[in-house]
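In what follows, a single structure is set out as structure tokens and then discussed.
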Amino acid sequence: METEKSNISKAEELKVLANEAFNARKYSQAIDLYTQAIELNSGNAVYYSNRAFAHLRLEEYGSAIQDASEAIEIDPKYSKGYYRRGAAYIGLGKFKEALKDFQQVKKMCPNDPDASKKLKECEKAVMKLKFEEAIAAPESERHSVAESIDFHTIGKGRNSSVPTEVAIAAVVAVMAAAVMLFRTSKTTIVIAIVVGLLLLLGAYWWSGHNTDVEPQYSGARIEGDVVTLDFVKKMMEDFKNQKFLHKRYAFQIVLQTREILQSLPSLVDIRVPNGKRFTVCGDVHGQFYDLLNIFELNGLPSEENPYLFNGDFVDRGSFSLEVILTLFAFKCMSPSAIYLARGNHESKSMNKIYGFEGEVRSKLNDTFVELFAEVFCFLPLAHVINEKVFVVHGGLFSVDGVKLSDIRSINRFCEPPEEGLMCEVLWSDPQPLPGRGPSKRGVGLSFGPDVTEAFLKENNLDLVVRSHEVKDEGYEIEHDGKLITVFSAPNYCDQMGNKGAFIRFEAPDLKPNIVTFSAVPHPDVKPMAYANNFLRMFS
């Protein structure tokens, strides 16, 4: 009995320490302390609920759901258990499952205005989802939005501000006047008709082939069809000063990037010549001003200074459009100067929740929302540097024996599935223990050092580089030095206090040289400013 009381008392002390760590935004430390408290007193629902909250902060939604469910099993009347689980389902975009939990919260706390507000928002989200499902065209009937866009037609006339409709009306009036004036001469009428048709063709050409934009536009301009370094520098400077790029040039950049990506395999081989260096960056997550800092520290992308950005370019940060247009513009300028891999946030479901869709709709229009969703499906899934370093956003696989040829043959031109190789390269995480385990995120899996070693040996590789997880120092070396996580969004979401990092490799030895950096100031636009209303309630 005394031992039991002592354990309960110690558990409470650990909970207090865990709460302090949580309030200091040391979420991993808080999880460890809550875990120790649970080991001493496993019958306390509060400990599980609090640990679920810490998992939510680290975007470990699978673990949050598991802990919240445990809290509910211990105490079915504990409303916070349903609340935490509902929030975790929201993080995964599972609004229908979340709705059930928030209905339960409302039932248990009928007079709680916060519970009522969240239930209402959840109901709206589910209704919107059902509407979108109802109006969505079958996969076989969907058409490429890119093929319906001609960026050359966006803008006004070359040397005049006269609208095309006015020009055509003037041509028709000239034709009618000529016929009336010379109606006694059939030859003259024929000549007038021919001249009029030529003028109409000219007006049509005027409308369809203008390449200039409005004269009052003072931002970066692409001359012709070639994206130059001068253009990219001017565009980045404009973005830095919170100016927008004209839609005509935004369309051009995204469409040209689509053409480049379309021709690539799902796994891209990169060759770095001896004596040359290559830089790998992790998640940027819409933190444009930190992206500029990377270029300040390490130089702009070029054929002599190539980069690989390893997915999750967008979402959460509120300058995601500026980030993706900058990366795409460098890809257009010189395809071998920058390589781009898909992350789990380059997907419709994530963009709808975490801000990119709302940002694009606010800064551009709905057509761009569809276009980016399409182009994200063209991004490669993995890269191999000099046949030795395997780079992927998430991690490794639920089955043994996966070869590089299996990854190369993945049909990636789709939204990410919820299982299989494509899902796992985007979502999986390493774990310290051998073997495999359930994903703390609720998607993909966790894989141990033995899995990493077997994959490297199977494919004659030396190292796995992946991203996908915020790390206090911007990176972490795991699995006996055979796996490195790199994360390039410092002070993630303006609240995590972490450093960012990138890795320089120099051929031929490809020894990783890790560079860390701190966050830089940015304009007063909060992260998640364009995110789903419901998700912002929990941020």
Side-chain angles (χ1 to χ4, degrees), residues 145-146 149 151 219-220 222 227 231-233 235-240 242-262 264 281-292 294-295 300-301 307-335 337-380 393 426 467 488-489 522 525 527-531:
V145 64
I149 300 167
F151 62 82
I222 301 174
V227 175
F231 164 78
V232 181
K233 286 181 176 179
M235 181 185 71
M236 288 193 297
E237 187 64 25
D238 287 347
F239 286 162
K240 185 178 178 180
Q242 293 186 274
K243 297 178 181 178
F244 293 142
L245 181 68
H246 195 282
K247 290 184 179 68
R248 181 235 190 268
Y249 303 125
F251 273 127
Q252 180 172 349
I253 289 168
V254 180
L255 291 169
Q256 288 186 356
T257 302
R258 178 183 180 274
E259 285 187 32
I260 295 168
L261 298 177
Q262 188 173 19
L264 298 176
C281 295
D283 305 36
V284 178
H285 274 301
Q287 297 184 197
F288 176 71
Y289 294 84
D290 293 308
L291 174 65
L292 293 182
I294 291 173
F295 293 151
L300 293 174
Y307 283 79
L308 164 58
F309 282 85
N310 197 30
D312 280 12
F313 322 121
V314 301
D315 278 341
R316 294 208 176 264
S318 295
F319 303 95
S320 292
L321 180 62
E322 288 81 356
V323 166
I324 196 65
L325 286 176
T326 298
L327 297 179
F328 278 7
F330 275 117
K331 190 68 177 175
C332 294
M333 181 195 80
S334 177
I338 191 167
Y339 296 84
L340 304 171
R342 192 174 192 176
N344 61 300
H345 275 267
E346 278 70 57
S347 65
K348 284 183 182 179
S349 59
M350 294 292 103
N351 297 161
K352 191 178 293 295
I353 300 170
Y354 291 97
F356 184 59
E357 180 179 304
E359 182 181 344
V360 172
R361 186 169 282 118
S362 174
K363 294 178 180 179
L364 292 170
N365 57 37
D366 286 349
T367 302
F368 274 98
V369 171
E370 295 181 50
L371 182 60
F372 276 115
E374 181 176 310
V375 176
F376 285 165
C377 293
F378 287 53
L379 288 163
H393 179 73
L426 298 177
S467 304
S488 302
H522 63 76
V525 182
M528 306 286 282
Y530 301 94

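Along the sequence shown, residues carry numbers from 1.
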For the atom pair OG1 (Thr257) and CZ (Phe328), what is the distance rounded to the nearest 0.5 Å?
-> 5.5 Å
Hey, could you give me the CG/CZ distance between Leu325 and Phe368, rounded to the nearest 0.5 Å?
-> 7.5 Å
Trace of the side-chain contact (heavy atoms from CB on, under 4.5 Å) decision for Arg258 with Glu374 | CA-CA 9 Å; Arg258 178 183 180 274; Glu374 181 176 310; 2.8 Å; yes
Are any non-hydrogen side-chain atoms of Phe151 and Val254 less than 4.5 angstrom apart?
-> no
Residues, nucleotides or ligands: over 12 heavy atoms within 6.0 Å of Lys240 NZ | no
Would you sort out whether Cys377 and Glu346 count as a side-chain contact (heavy atoms from CB on, under 4.5 Å), showing the intermediate values?
-> CA-CA 8 Å; Cys377 293; Glu346 278 70 57; over 6 Å; no
Partners of Ile260 by side chain to side chain contact (heavy atoms under 4.5 Å, CB included), sequence neighbours excluded?
-> Lys331, Pro335
Any Val360 side-chain heavy atom under 4.5 Å of Leu371 side chain | no
Heavy-atom side-chain proximity of Phe376 to Ser347 below 4.5 angstrom | no
Which heavy atom in Val227 sits nearest to a heavy atom in Cys332, and how many Å separate them?
-> CG2-CB, 3.8 Å
Is Glu237 salt-bridged to Lys233, cutoff N-O under 4.0 Å?
-> no
Do the side chains of Leu321 and Phe372 get nearer than 4.5 Å, heavy atoms only?
-> yes
Start with the C-alpha gap between Ile253 and Phe231, add the side-chain angles, then the distance that decides, and say whether side-chain contact (heavy atoms from CB on, under 4.5 Å) holds.
-> CA-CA 11 Å; Ile253 289 168; Phe231 164 78; 3.8 Å; yes
Partners of Asn365 by side chain to side chain donor-acceptor pair (under 3.5 Å), sequence neighbours excluded?
-> none
Pairwise side-chain contact, Thr367 with Lys247, heavy-atom cut-off 4.5 Å (strictly under) = no
Side chain to side chain, Met528 and Tyr354, heavy atoms closer than 4.5 Å = yes
Looking only at non-hydrogen atoms, find the nearest pair between Ala250 and Leu245 and report the distance.
-> N-CD2, 3.7 Å
Does any N or O in the side chain of Asp312 come within less than 3.5 Å of the main-chain N or O of His345, such that one atom is a donor and the other an acceptor?
-> yes
Separation of Leu300 CG from Ile338 CD1 (nearest 0.5 Å) | 10.0 Å
Looking only at heavy atoms, which two atoms of Ile353 and Ala531 are closest? And how far apart?
-> O-CB, 3.5 Å
ring-ring contact (aromatic ring centres under 6.0 Å, His included) involving Phe295 - partner list, sequence neighbours excluded = Tyr307, Phe330
All heavy atoms of Ala220 vs all of Asp238, minimum pair found to be N-OD2, 3.0 Å
Can you sort out the partners of Ser320 under side chain to side chain contact (heavy atoms under 4.5 Å, CB included), two or more places apart, ordered by chain and number?
-> Val314, Phe356, Glu359
Under the side-chain contact (heavy atoms from CB on, under 4.5 Å) rule, what do Glu322 and Phe244 come out as? Steps first, then yes or no, please.
-> CA-CA 9 Å; Glu322 288 81 356; Phe244 293 142; 4.3 Å; yes
Using atom types as modelled and distance alone, determine if a side-chain donor or acceptor of Ser318 lies under 3.5 Å from a backbone N or O of Val525.
-> no
Across all chains, not counting sequence neighbours, the side chain to side chain donor-acceptor pair (under 3.5 Å) partners of Gln252 are Arg248
From Ile222 atom CD1 to Met235 atom CE, the distance as rounded to the nearest 0.5 Å = 8.0 Å
Measure across Pro301 and Met333 and return the closest heavy-atom pair with its distance rounded to 0.1 Å.
-> O-CE, 3.8 Å
Given the options Tyr530, Phe288, Phe313, Tyr289, Phe319 meets ring-ring contact (aromatic ring centres under 6.0 Å, His included) only with Tyr289
Kindly compute the distance separating NE2 (His285) from CG (Asp315), expressed to the nearest 0.5 Å.
-> 7.0 Å
Quick one: ring-ring contact (aromatic ring centres under 6.0 Å, His included) partners of His393, sequence neighbours excluded?
-> His468
Any side-chain heavy-atom pair from Asp366 and Arg361 closer than 4.5 angstrom?
-> yes
Which value, rounded to the nearest 0.5 Å, describes the distance between Lys348 atom NZ and Glu370 atom CD?
-> 7.5 Å
Side-chain contact, heavy-atom cut-off 4.5 Å: Pro380 with Leu340?
-> no
Nearest non-hydrogen partners of Cys281 and Ser467, listed with the distance | O-OG, 4.4 Å
